[in-house]
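Quick notes on the structure that follows.
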Amino acid sequence: MRLWSRELWRLLGWALLGTCLGWLLGLPGLGLAGGFAMCLVYHLRQLRAAYRWLTQRPQDEPPAARGLWGELFDRLYRYQKSQRITQSRLRSTLARIQESSEAMRDSVVMLDRHGDLEWWNSAASNMLGLQTAHDRGQHITNLLRDPRFISYFNARDYSEPLTLTSPIDERRILQYQITLYGDDERLVMARDITRLHQLEQMRRDFVANVSHELRTPLTVLSGYLETYGEMADQLPPRLGRSIGQMQAQTQRMQNLVNDLLLLSRLEIDQGGQDHQPMDVTSLLNSVGADALALSEHQHTLTIEGDYPAQLVGSEQEIRSAISNLAFNAVRYTPAGSEITLRWKAFGQGACIEVCDDGEGIDPVHIPRLTERFYRVDKGRSTATGGTGLGLAIVKHVLLRHDAQLQIDSHPGEGARFRCVFPATRLSTSATPPRSVPTVT
């Protein structure tokens with residue numbers, strides 16, 4: 001405020017001086033105009049100096065001036081200096097980020113909000129074949145043209161990574177992960193998982209081969225034990241009990257081998273050839289009858305299937321998944337428990353639910369339930385004859401049908417296993433809904 005008052009006094013002084021000179025000459029008005037003109041010339045000279053400084057020599061010291069112009073030059077200089085320091089720090093930070101990105105083995109690609117390439121590290125050039133001279137500014141889908149990547153990119157659902165072969169070397173397997181940041185910009189990271197893919201393939205082949213080789217000797221053992229079992233009345237009691245135990249363990253081994261073979265087929269086979277609309281209600285009735293037979297009618301089982309849409313998929317695989325859930329409900333709930341199989345609308349699609357009012361599961365175990373051989377209670381699982389592969393099979397069947405498994409359970413509150421299918425897996429050409437009786 002003091003500087004402004006000085007400028008006003010200076011303007012008033014120039015006006016008074018011009019007026020006095022004009023009055024001596026008999027032209028006071030012309031003198032006043034001349035005073036204002038001198039003040040205007042002074043400000044124009046300072047403005048010209050500021051323009052030359054900012055456009056021609058911004059790195060030099062600001063022009064020498066007094067009053068308001070001097071304060072303005074000083075403030076501009078301090079602001080300019082702070083901006084240079086900030087820019088220097090930012091350049092240093094960017095340089096470190098680029099150096100660290102260059103040192104990464106994974107590909108890093110930065111895209112703008114339109115999906116055009118802005119920057120990438122050398123690993124991206126090696127894995128994806130990006131060339132700095134030609135590809136900068138190109139849209140990512142012009143270079144990565146696999147339809148699965150394009151669908152993944154446009155879907156904007158990046159919760160799960162995408163596994164594809166390298167666009168320049170089909171022998172390399174890459175795992176893509178996209179992250180949104182900033183103003184709808186994207187960071188694409190690609191990791192070479194060829195070695196992991198080979199090890200996983202070796203594991204699958206090993207499990208499949210071993211399971212297949214075990215099938216023949218187990219069949220032979222089962223046949224002989226069944227023959228001796230028919231002669232149990234003629235054998236000593238101790239030997240008869242031993243044969244009975246051997247039969248039970250052989251049957252358990254056969255169930256394990258069958259589940260391993262099924263799981264291997266689900267992992268290796270692409271599937272889709274036998275997908276067709278199926279009547280889910282009839283499927284639930286069939287699975288419910290099998291579950292009641294397993295429980296020897298010691299449970300109460302209810303079927304709720306009045307949702308009219310049909311499910312498009314492999315009936316054999318869906319039956320296997322729902323059977324595993326229903327059989328688990330029978331095995332791991334006490335006699336007299338109520339089990340419900342339900343087919344209903346859910347969100348934009350539909351779902352199959354298997355609910356029970358048994359002991360429930362501690363939520364700490366839920367994230368690991370679909371792992372192979374994971375057991376909440378190892379002693380009880382062994383006693384019920386489970387193989388520990390049922391939920392793993394359910395998970396793979398649902399993945400092959402673009403579905404998800406949701407588990408909701410708490411101790412003492414029972415359990416609910418929900419298989420959620422998207423709308424793309426539903427067919428509306430179903431027969432009208434019909435009432436479904438309760439099975440007990």
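Every heavy atom of this structure was used, including side-chain atoms; hydrogens, water molecules and symmetry mates were not.
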Report yes or no: does [X] contribute a side-chain atom to a donor-acceptor pair with the main-chain N or O of [Y] at less than 3.5 Å?
X    : Y    : answer
H114 : D116 : no
S151 : R148 : no
S286 : L283 : no
S427 : V312 : no
S107 : A123 : yes

If you measure from CG on L391 to CG on L398, what distance do you get to the nearest 0.5 Å?
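That separation rounds to 10.0 Å.
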Flag the pair [X] / [Y] as yes when at least one side-chain heavy-atom distance between them is below 4.5 Å, and no otherwise.
X    : Y    : result
W119 : N121 : yes
Q198 : R195 : yes
R319 : V287 : yes
V188 : L111 : yes
Y307 : V280 : no
S125 : Q131 : no
V394 : T370 : no

Could you go through Y176 and Y152, starting from their C-alpha distance and side-chain angles, then the distance that decides it, and tell me whether this counts as ring-ring contact (aromatic ring centres under 6.0 Å, His included)?
CA-CA 10 Å; Y176 295 90; Y152 178 67; 8.0 Å; no
Flag yes if more than 12 heavy atoms outside [X] fall under 6.0 Å of its [atom1] atom; otherwise flag no.
X    : atom1 : value
R48  : CZ    : no
E160 : CD    : no
R75  : CZ    : no
Q348 : CD    : no
Q316 : CD    : no
Q404 : CD    : no
Y79  : OH    : no

Sidechain N-carboxylate O distance under 4.0 Å for [X], [Y]:
X    : Y    : answer
D192 : R172 : yes
K344 : E304 : no
D402 : R425 : yes

In terms of ring plane angle, is the pair H401 and F421 parallel, tilted or perpendicular, where the classes change at 30° and 60°?
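Rings of H401 and F421: perpendicular, over 60°.
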Nearest non-hydrogen partners of [X] and [Y], listed with the distance:
X    : Y    : answer
L426 : P422 : CG-O, 3.8 Å
L174 : P167 : CD1-CD, 4.3 Å
S314 : H275 : N-CD2, 3.4 Å
A329 : D356 : CB-OD2, 4.1 Å
H410 : P363 : CD2-CG, 3.6 Å
A350 : W343 : CB-CH2, 3.5 Å

What residues, two or more places apart in sequence or in another chain, satisfy side chain to side chain donor-acceptor pair (under 3.5 Å) together with R156?
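Side chain to side chain donor-acceptor pair (under 3.5 Å) list for R156, sorted by chain: D184.
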Flag this pair as yes if the NZ/CZ of R186 is under 6.0 angstrom from the six-membered ring centre of F153 and inside a 45 degree cone about the axis; otherwise no.
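Yes, a cation-pi geometry holds between R186 and F153.
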What I want to check is whether the side chains of T93 and R89 have a donor and an acceptor closer together than 3.5 Å.
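No, no side-chain donor-acceptor pair sits under 3.5 Å.
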